[in-house]
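Have a look at the structure below before the remarks.
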Amino acid sequence: MRSGRLHARATTFDRLLKPVHSWIWGNVERRVQKLLRFGEIEIDGGRDILRAAELTSDPVLRRLYLEHAIDEFRHGLMFRQRAGSVLRELPLRSNRTFQLDWPSAGGHGLDDLQIEKETDGSLLAFLHLSEKAAASRFTIYRDVMQHDPGTRAIFAEILNDERFHMNYTLTHLVRVAPERHRRHLWRARLSRLWKGYLRLATALASAMGALILTIQYFTVLPPFAWLAKRAARKESPGWFPISSERNGSLRRQY
Ligand SMILES: [Fe+2]
Ligand SMILES: [Fe+2]
């Protein structure tokens with residue numbers, strides 16, 4: 001197993017959120033959802049990196065990308081298998097009808113990537129930051145997983161690979177863009193920040209929409225319901241004769 005040259009530490013932001021992560025992972029059903037979601041993210045990321053291996057003209061990077069893609073596929077399978085094991089350990093009385101789209105604070109964020117538009121430099125900068133973020137997040141997940149040694153071991157193993165990814169991407173970014181690697185990193189940082197803002201704004205807009213609709217439901221609908229009930233009370237019950245003008249033969253629709 002590889003060990004990283006740089007030892008990623010969890011960021012202050014991730015450390016501050018540790019109680020939240022602890023609460024989220026503490027629930028076994030949420031844990032299964034998150035593991036499944038992570039499995040999906042890792043496999044998608046692996047697919048993107050495989051595409052990068054096809055597109056690069058740098059033979060060293062191609063080999064590293066292939067190795068990287070294999071790692072991400074393996075991580076995806078590890079997460080899925082673990083989700084399956086945790087699910088099988090769930091007591092039968094447990095309510096398994098949970099939704100699979102529990103919002104997850106992802107690891108890599110490789111879903112934002114459009115490989116065809118990237119150069120080796122910009123891709124390596126993006127990958128470096130993504131792997132660094134994943135390593136930070138997985139450090140916290142490993143630490144809060146005291147109650148689940150199986151899942152904790154998976155995070156510890158994957159963390160080791162993420163550190164390797166974080167390191168090789170930086171090393172080769174400096175190699176392929178010795179003059180411009182800082183600029184690539186800053187652009188990637190700004191791009192991640194912007195995409196993070198967009199995600200936050202979308203989530204906020206969705207929450208606001210739900211809130212406004214709920215308020216409307218309780219303030220706008222009741223008067224209509226009251227008017228409908230009042231009109232219903234005025235109606236005489238049962239069948240009653242209608243006027244002769246409206247009582248023609250049924251030869252036409254209206
Ligand atoms: Fe990974
Ligand atoms: Fe990775």
Legend entry - Side-chain donor or acceptor of S122 paired with backbone N/O of T119 under 3.5 Å: yes
Legend entry - Same apolar cluster: M78 and L50, side chain cutoff 4.5 Å: no
Legend entry - From I140 atom CD1 to R9 atom CZ, the distance as rounded to the nearest 0.5 Å: 10.0 Å
Inset, instruction - Before giving the answer on side chain to side chain contact (heavy atoms under 4.5 Å, CB included), spell out for I43 and F38 the whole-Å C-alpha distance, their side-chain angles and the decisive distance to 0.1 Å. - result: CA-CA 8 Å; I43 288 172; F38 279 12; over 6 Å; no
Inset, instruction - Return yes if some donor-acceptor pair links the side-chain N/O of R152 with the main-chain N/O of Q146 below 3.5 Å, else return no. - result: no
Legend entry - Heavy-atom pair with the smallest gap, counting every atom of G26 and R31: O-NH2, 3.5 Å
Legend entry - Spacing of D44 atom CG and F73 atom CZ [to the nearest 0.5 Å]: 9.0 Å
Inset, instruction - Taking atom CZ of R189 as the centre, report whether more than 12 heavy atoms of other residues, nucleotides or ligands fall under 6.0 Å from it. - result: yes
Legend entry - Between H68 and Y168, a side-chain donor and acceptor under 3.5 Å: yes
Legend entry - Side-chain heavy atoms of L87 within contact of V28, under 4.5 Å: no
Inset, instruction - Might you work through the side chain to side chain contact (heavy atoms under 4.5 Å, CB included) test for F155 and V144, ending with a clear yes or no? - result: CA-CA 11 Å; F155 275 118; V144 300; over 6 Å; no
Inset, instruction - First locate atom CZ of R183, then atom CZ of R180, and finally report the distance between them rounded to the nearest 0.5 Å. - result: 5.0 Å
Inset, instruction - Give a yes or no on whether the backbone of I215 and the side-chain of T219 come within a donor-acceptor separation of less than 3.5 Å. - result: yes
Inset, instruction - Report the C-alpha distance between S130 and M166 in whole Å, list the side-chain angles of each, state the deciding distance to 0.1 Å, and finish with yes or no for side chain to side chain contact (heavy atoms under 4.5 Å, CB included). - result: CA-CA 8 Å; S130 302; M166 184 183 96; over 6 Å; no
Legend entry - Summary of salt bridge (charged side-chain N to carboxylate O under 4.0 Å, His left out) pairs that have at least one residue in residues 10-19, sequence neighbours excluded: D14-R137
Legend entry - Backbone of W23 reached by a side-chain donor or acceptor of R30 within 3.5 Å: yes
Inset, instruction - Report yes or no: does S206 contribute a side-chain atom to a donor-acceptor pair with the main-chain N or O of T202 at less than 3.5 Å? - result: no
Legend entry - From CG (L66) to CG (D71), nearest 0.5 Å: 11.0 Å
Legend entry - From NZ (K34) to CZ (F79), nearest 0.5 Å: 10.0 Å
Legend entry - ILVMFWY cluster, L200 and L16 together (side-chain gap under 4.5 Å): no
Inset, instruction - Please test L221 against Q216 for side chain to side chain contact (heavy atoms under 4.5 Å, CB included), starting from the C-alpha separation and ending with a verdict. - result: CA-CA 7 Å; L221 284 187; Q216 282 180 348; over 6 Å; no
Legend entry - Residues T139 and S136: side-chain donor-acceptor under 3.5 angstrom: no
Inset, instruction - Return yes if a side-chain donor-acceptor contact under 3.5 Å exists between H172 and R175, otherwise no. - result: yes
Inset, instruction - Please tell me if the side chains of L123 and Y65 come closer than 4.5 Å, counting only heavy atoms from C-beta onward. - result: yes
Legend entry - E157/R74 salt bridge by N-O under 4.0 Å criterion: yes
Inset, instruction - Report whether V20 and F13 are members of the same hydrophobic cluster (ILVMFWY, side-chain heavy atoms less than 4.5 Å apart, transitive linking). - result: yes
Legend entry - Side chains of T151 and R82, donor plus acceptor under 3.5 Å: yes
Inset, instruction - Mind listing the closest non-hydrogen atom pair of T56 and A53 along with its distance? - result: CG2-O, 3.7 Å
Legend entry - Sub-4.5 Å side-chain heavy-atom contact between L173 and L127: no
Legend entry - A69 to I49 - nearest heavy-atom pair and separation: N-CG2, 3.9 Å
Legend entry - Close side-chain approach of R51 and D48, heavy atoms under 4.5 Å: no
Inset, instruction - Measure up the W25 and Y141 rings against each other and bin them: parallel (under 30°), tilted (30 to 60°), perpendicular (over 60°). - result: tilted
Legend entry - Pairwise side-chain contact, L124 with L61, heavy-atom cut-off 4.5 Å (strictly under): yes
Inset, instruction - Drop me the distance from L55's CG to R62's CZ, to the nearest 0.5 angstrom. - result: 9.5 Å
Legend entry - Least distance between heavy atoms, H184 atom then A177 atom: CD2-CB, 3.8 Å
Inset, instruction - Scan K132, E67, E72 and name whichever one has a side chain to side chain donor-acceptor pair (under 3.5 Å) with H165. - result: E72
Legend entry - Whether H128 side chain and T169 backbone form a donor-acceptor pair below 3.5 Å: no
Inset, instruction - Establish whether V60 and I115 are linked, either directly or via other cluster members, by ILVMFWY side-chain heavy-atom contacts under 4.5 Å. - result: yes
